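In this text the structure is predicted, and so the values were computed from the model without any measurement.
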Amino acid sequence: MHNIMLKAKFHMASVTHAVLNYEGSCAIDGEWLDMAGLREYEQIQIYNKDNGERFTTYIIRGEEGSRMISMNGAAARKVSVGDRVIICAYASYSEEELDNHKPALIYLKKDNTIDHTANAIPVQLG
């Protein structure tokens, strides 16, 4: 039996481009993809904190060091430049793999510089 679990997350990235007439998907800074262990064409979920939109697309590699988050094609209609988004990738893991599973979490500042990274989300307190 396999479990679908969080593989990686870019938390609070700022959308830098919204290009309606570009071949679909979401371009993400290539350095960040390498840090998070994500690949071009991998499926992602995007959660727009500013307008509540939630949608699925796939990754295309953006220029390394560009701090780019570009929503392209139909995805461009779900965001505005400057919106803060959470981008998540999920993967299937066996029970044995879960013993050592730690997602790659990358937290971004409003200017898309990296604030910090982690491998666990803090416990929510009541």
Side-chain angles (χ1 to χ4, degrees):
M1 181 173 168
H2 280 61
N3 300 284
I4 305 296
M5 305 292 289
L6 181 65
K7 176 181 176 182
K9 173 174 84 163
F10 298 106
H11 189 76
M12 298 300 288
S14 293
V15 175
T16 59
H17 302 77
V19 186
L20 185 59
N21 293 315
Y22 191 84
E23 189 174 345
S25 67
C26 176
I28 300 174
D29 182 318
E31 289 178 4
W32 297 349
L33 295 179
D34 295 342
M35 285 178 64
L38 298 177
R39 303 177 71 112
E40 192 165 31
Y41 311 118
E42 191 165 353
Q43 180 177 299
I44 52 175
Q45 298 286 320
I46 299 175
Y47 314 120
N48 187 329
K49 183 178 175 286
D50 291 316
N51 68 16
E53 290 281 356
R54 299 168 71 91
F55 56 98
T56 303
T57 189
Y58 61 93
I59 297 167
I60 60 174
R61 191 173 189 90
E63 180 182 0
E64 278 77 5
S66 66
R67 299 188 297 201
M68 171 186 289
I69 298 292
S70 181
M71 300 299 168
N72 302 315
R77 294 192 183 275
K78 303 283 190 180
V79 301
S80 294
V81 171
D83 282 359
R84 304 295 298 276
V85 295
I86 300 165
I87 302 171
C88 295
Y90 300 89
S92 179
Y93 298 93
S94 68
E95 286 295 326
E96 295 76 29
E97 291 172 307
L98 289 178
D99 290 338
N100 297 312
H101 174 66
K102 302 270 188 225
L105 310 173
I106 300 172
Y107 295 83
L108 299 161
K109 297 179 185 176
K110 190 168 186 161
D111 66 356
N112 277 355
T113 55
I114 294 174
D115 183 31
H116 66 283
T117 63
N119 293 112
I121 296 171
V123 172
Q124 183 173 346
L125 303 176

Distance-only criterion, 3.5 Å: show the donor-acceptor pairs between side-chain atoms of residues 6-15 and protein atoms not counting sequence neighbours.
unit_1: Lys7; atom_1: NZ; unit_2: Gly37; atom_2: O; d: 3.3
unit_1: Lys7; atom_1: NZ; unit_2: Glu42; atom_2: OE1; d: 3.4
unit_1: Lys7; atom_1: NZ; unit_2: Glu42; atom_2: OE2; d: 2.9
unit_1: Lys9; atom_1: NZ; unit_2: His11; atom_2: ND1; d: 3.4
unit_1: Ser14; atom_1: OG; unit_2: Arg84; atom_2: NE; d: 3.3
unit_1: Ser14; atom_1: OG; unit_2: Lys110; atom_2: O; d: 2.7

Would you please classify the geometry between the Tyr107 ring and the His116 ring as parallel, tilted or perpendicular, with 30° and 60° separating the classes? parallel
Side-chain contact test, heavy atoms from C-beta onward, threshold under 4.5 Å: evaluate it for Ile114 versus Leu108 and give yes or no. yes
Cluster check Val19, Tyr58: I/L/V/M/F/W/Y, side chain < 4.5 angstrom: yes
Listed once per pair and sorted, the side chain to side chain donor-acceptor pair (under 3.5 Å) pairs that draw on residues 46-56, sequence neighbours left out: Gln45-Thr56, Tyr47-Tyr90, Asn48-Asn51, Asn48-Asp83, Glu53-Lys78
Measuring from Leu33:CG to Arg39:CZ, what's the distance to the nearest 0.5 Å? 11.0 Å
Residues joined to Met68 in its hydrophobic cluster, side chain to side chain under 4.5 Å directly or through other members, sorted by chain and number, are none
Tell me the side chain to side chain donor-acceptor pair (under 3.5 Å) pairs involving residues 16-37, sequence neighbours left out? Asp34-Arg61
Closest non-hydrogen contact found for Asn119 with Ala104 is ND2-CA, 4.1 Å
In Å, rounded to the nearest 0.5 Å, how long is the span from CE of Met5 to CG of Leu98? 5.0 Å
List the residues meeting side chain to side chain contact (heavy atoms under 4.5 Å, CB included) with Ser92, not counting sequence neighbours, and say none if there are none. His2, Ile4
Does atom CD of Glu63 have more than 12 heavy-atom neighbours from other groups under 6.0 Å away? no
Tell me whether Ile87 is reachable from Phe55 by hopping between hydrophobic residues (I, L, V, M, F, W, Y) whose side-chain heavy atoms are closer than 4.5 Å. yes
Heavy atoms only: give me the nearest Ile69-Val85 pair and the separation to one decimal. CG2-CG2, 4.4 Å
Hydrophobic side-chain clustering at under 4.5 Å (ILVMFWY, transitive links): who's grouped with Val81? Put none if nobody. none
Verify same cluster id: Met35, Ile28 (apolar side-chain graph, 4.5 Å): yes
